[in-house]
Protein chains: 2
Amino acid sequence: MPSRARTTTIIDTPEGRKLLRIHGTIARDIGIRIVSGQFQPGEVLNGEVEASDRLRVSRTAYREAVRILAAKGLVESRPKTGTRVSPRAKWHLLDPDVLSWIFEFEPGDDLLASLFELRKIVEPEAAALAAQRRTEAQVTAMAEALADMTEHTLASPEGRAADQHFHAALLEASGNPFLVTLTSGVGAAVAWTTIFKQRHMPLSRDPIPDHRRVFEAVAAGNAKAAHKAMANLVDMAFLDTTRALPGPADRNAT
Amino acid sequence: MPSRARTTTIIDTPEGRKLLRIHGTIARDIGIRIVSGQFQPGEVLNGEVEASDRLRVSRTAYREAVRILAAKGLVESRPKTGTRVSPRAKWHLLDPDVLSWIFEFEPGDDLLASLFELRKIVEPEAAALAAQRRTEAQVTAMAEALADMTEHTLASPEGRAADQHFHAALLEASGNPFLVTLTSGVGAAVAWTTIFKQRHMPLSRDPIPDHRRVFEAVAAGNAKAAHKAMANLVDMAFLDTTRALPGPADRNAT
DNA sequence: CTGCCTTCATTACTCAGACAAATAAAGATG
DNA sequence: CATCTTTATTTGTCTGAGTAATGAAGGCAG
């Protein structure tokens, strides 16, 4: 028996990506196909046996992948009927993984606009709350992150990490755990597209001053100013992102 | 061998609850213990073998439960170290299941306040967007839901369903899928507490007029009025909920 | 013909036991 | 003392069997 080349299952680990087990990679694969429209809502996936041996994995691994997708609202499985893709209304669109899968394939234009619409609603308010509630330690953390951002630019990984730290500290300062999860997930997904952006055009505009304005307003405890500064920052980020992503991307008009 | 009484595994299905498989019930069990603080972040769960035979289930079922929890960011498992509860910052607090688990055990007072803070930020804006973008069909749907709410009251299951339909239609009208998932999940969790509320006190105030004002503003396409009316509605809902939930609930001060 | 009940076939669900892979910690080596 | 190697433990994966749920087809009365 030639057996399978399973022992050499080197999981596709591009670079800074969290390395996944088999069930993780399969969940990601199918998840991407679902959010990209390759598997339409209502469509039934192949049965466990067929699917698992088409993918050359055990049923166990495949089933765990399906559990993950079901936990994120992408599929629903019942005996006799099989596993079918859920309607889009049931998808947990704000789940970090689902978001990353969406942005993995294509940003999606209208979805991107919706996402920034959400940011525009939430983040300024979060900044305003942070201005009212921030502790000294949080101000210090934001200051350090801002300094790191200034030193390394957004063109470097360190700079992007500093950007993330800045926003994380700000959200932390808002004192609302729901705002933290919401915006951190969204922010991570958007940041992922920023990398694409950097490839196409060097960098349209220096984002540091925008960040500095937000920081100073929060540090000063000026909620109104923080709100305004953050609103401006989101607007600018949206402009940068849309300008960088060229195509009309009309491959599937949902 | 007497075997086990597994054949009589009647899954605990209280009433209107979605009936769960074994892996689902286990995930829910552990999930509730995590969000309620019985399993602290950083703590490692029992090994798969020990845990699975303590629960009298197969390792497969237990593992699928862990996959679900991992998909929701509650745990992280690696070989040799085991499965450990993730820090709260990694939890997907806006996941519908996680939310329901949180509200299953204890509303949580500060968490409840944070949740309504989020609603207060998002829902008025969603109403404003709905006022600008709603189609005739969506207005009709909202009108019907409102009529049903008026007929049956919130004291009846039909009335609560109508309430959900009303808000769902409104969110749909906002044209932003992220707002839909965000608010529908949050709304469902809050609605779940409404049932508790009804048990303790009959009903403090008639919510119909609040809803009617929102509806009329949206139907008229008046974004500002819709924003204001919805803000008022959320405020009232918060007052009702906090007034109904009595205790200081000091059992675990996070 | 219609409506309800029973039977049946299909599918996911659960179980059991074995082996593989990863990795933190202990131990050996320089 | 530092670094490499070994080891033990835990999750990860595979296989094959049997169970439970359920939509659909068929039977039976009205």
Side-chain angles (χ1 to χ4, degrees), chain A residues 1-13 17-30 42-71 74-86, chain B residues 1-13 17-30 42-71 74-86:
Chain A
M1 186 68 68
S3 84
R4 38 183 39 159
R6 173 57 31 73
T7 41
T8 60
T9 303
I10 303 302
I11 299 143
D12 141 74
T13 160
R17 212 53 97 82
K18 174 182 282 183
L19 74 143
L20 299 176
R21 308 292 187 204
I22 289 189
H23 57 258
T25 59
I26 294 181
R28 181 169 168 276
D29 265 21
I30 302 179
E43 192 172 341
V44 293
L45 274 52
N46 296 332
E48 289 180 352
V49 282
E50 183 178 345
S52 59
D53 83 11
R54 178 191 300 270
L55 295 169
R56 300 312 206 65
V57 300
S58 74
R59 269 181 67 210
T60 310
Y62 177 77
R63 278 183 55 79
E64 291 189 3
V66 170
R67 289 277 79 76
I68 294 174
L69 295 175
L74 295 183
V75 303
E76 220 163 348
S77 50
R78 312 168 50 182
K80 179 71 179 181
T81 329
T83 300
R84 67 179 57 219
V85 180
S86 300
Chain B
M1 188 67 67
S3 80
R4 39 179 45 154
R6 174 56 35 72
T7 39
T8 60
T9 304
I10 303 301
I11 299 142
D12 143 73
T13 161
R17 213 53 99 81
K18 175 184 280 184
L19 77 143
L20 299 175
R21 310 291 186 205
I22 290 188
H23 56 258
T25 59
I26 294 180
R28 180 170 169 275
D29 264 21
I30 302 179
E43 191 172 341
V44 292
L45 274 51
N46 294 333
E48 290 180 351
V49 279
E50 183 179 345
S52 59
D53 81 11
R54 177 192 302 270
L55 295 170
R56 300 309 204 66
V57 300
S58 75
R59 227 180 117 212
T60 309
Y62 177 78
R63 276 183 57 79
E64 291 189 3
V66 171
R67 288 278 83 76
I68 294 174
L69 295 174
L74 295 183
V75 303
E76 221 163 350
S77 51
R78 312 169 48 184
K80 181 70 178 181
T81 32
T83 300
R84 67 180 57 221
V85 179
S86 301

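Please read these numbers as outputs of a predicted model, since none were measured by experiment. Labels below follow one simple rule: chain letters A, B, ... track the order of the sequence lines, proteins then strands, and each chain is numbered from 1.
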Review point. In chain order, what residues pass the side chain to side chain donor-acceptor pair (under 3.5 Å) check against A/Ser77, with sequence neighbours excluded?
Key: A/Arg67
Exercise for review: Grab the CG-C1' distance between B/Leu20 and C/dC13 for me, whole Å please.
Suggested key: 14 Å
**Study point:** Whole angstrom value for the distance that separates C1' of D/dG12 from OH of B/Tyr62
**Key:** 14 Å
Any protein N or O atoms within reach of nucleotides 3-5 of chain D? Criterion: under 3.5 Å, listing atom names and distances.
none

Point to revise | Spacing of B/Asn46 atom CG relative to D/dT11 atom P, expressed in whole Å | key: 9 Å
Point to revise | Gap between atoms CZ and P, on B/Arg56 and C/dA16 respectively (whole Å) | key: 10 Å
Review point. When we call it a touch if two heavy atoms are under 4.0 Å apart, what does B/Arg67 touch: a base, just sugar-phosphate, or nothing?
Key: sugar-phosphate
Check your understanding: Does A/Arg21 have a side-chain nitrogen or oxygen under 4.0 Å from the phosphate oxygens OP1 or OP2 of D/dT13?
Key -> no
Revision key, fill the gap. In this structure, CD1 of B/Ile26 is separated from CG of B/Leu55 (nearest 0.5 Å) by 5.0 Å
Point to revise | Pairing residues for B/Glu50 by the side chain to side chain donor-acceptor pair (under 3.5 Å) criterion, not counting sequence neighbours | key: B/Arg54
Review point. Quick one: A/Arg63 CZ to D/dG12 C1', roughly how many Å, whole number?
Key: 16 Å
Practice item. Indicate yes or no: at least one non-hydrogen side-chain atom of B/Glu64 is less than 4.5 angstrom from one of B/Thr60. Key: yes
Practice item. Look at the side-chain N and O atoms of A/Ser77 and state whether any lies under 4.0 Å from the OP1 or OP2 oxygen of C/dC13. Key: yes
Practice item. Specify the separation, in whole Å, of atom CD of A/Glu50 and atom C1' of C/dA12. Key: 15 Å
Could you list the donor-acceptor pairs under 3.5 angstrom formed between side-chain atoms of residues 78-85 of chain B and any protein atom two or more places apart in sequence or on another chain?
from	atom 1	to	atom 2	distance (Å)
B/Thr81	OG1	B/Arg78	O	3.4
B/Thr81	OG1	B/Pro79	O	3.3
B/Arg84	NH1	B/Gly42	O	3.3

Below 3.5 Å is the cut-off: list the nitrogen or oxygen pairs between protein and nucleotides 7-10 of chain D, distance only.
from	atom 1	to	atom 2	distance (Å)
D/dT9	O4'	B/Lys80	NZ	3.4
D/dT10	O2	B/Lys80	N	3.4

Check your understanding: CZ of B/Arg59 versus C1' of C/dC13: gap in Å, rounded?
Key -> 18 Å
Practice item. Identify the heavy atoms of B/Tyr62 and B/Asn46 that sit nearest to each other, and give their distance. Key: OH-O, 3.9 Å
Exercise for review: Send over the distance from B/His23 NE2 to D/dT19 P, rounded to a whole Å.
Suggested key: 20 Å
Check your understanding: Any side-chain heavy-atom pair from A/Asp53 and A/Val49 closer than 4.5 angstrom?
Key -> no
Check your understanding: Looking at residues at least two apart in the chain, or sitting in another chain, which of them share a side chain to side chain donor-acceptor pair (under 3.5 Å) with A/Ser52?
Key -> none
**Study point:** Closest non-hydrogen atom pair, A/Val75 against A/Val66
**Key:** CG2-O, 4.0 Å
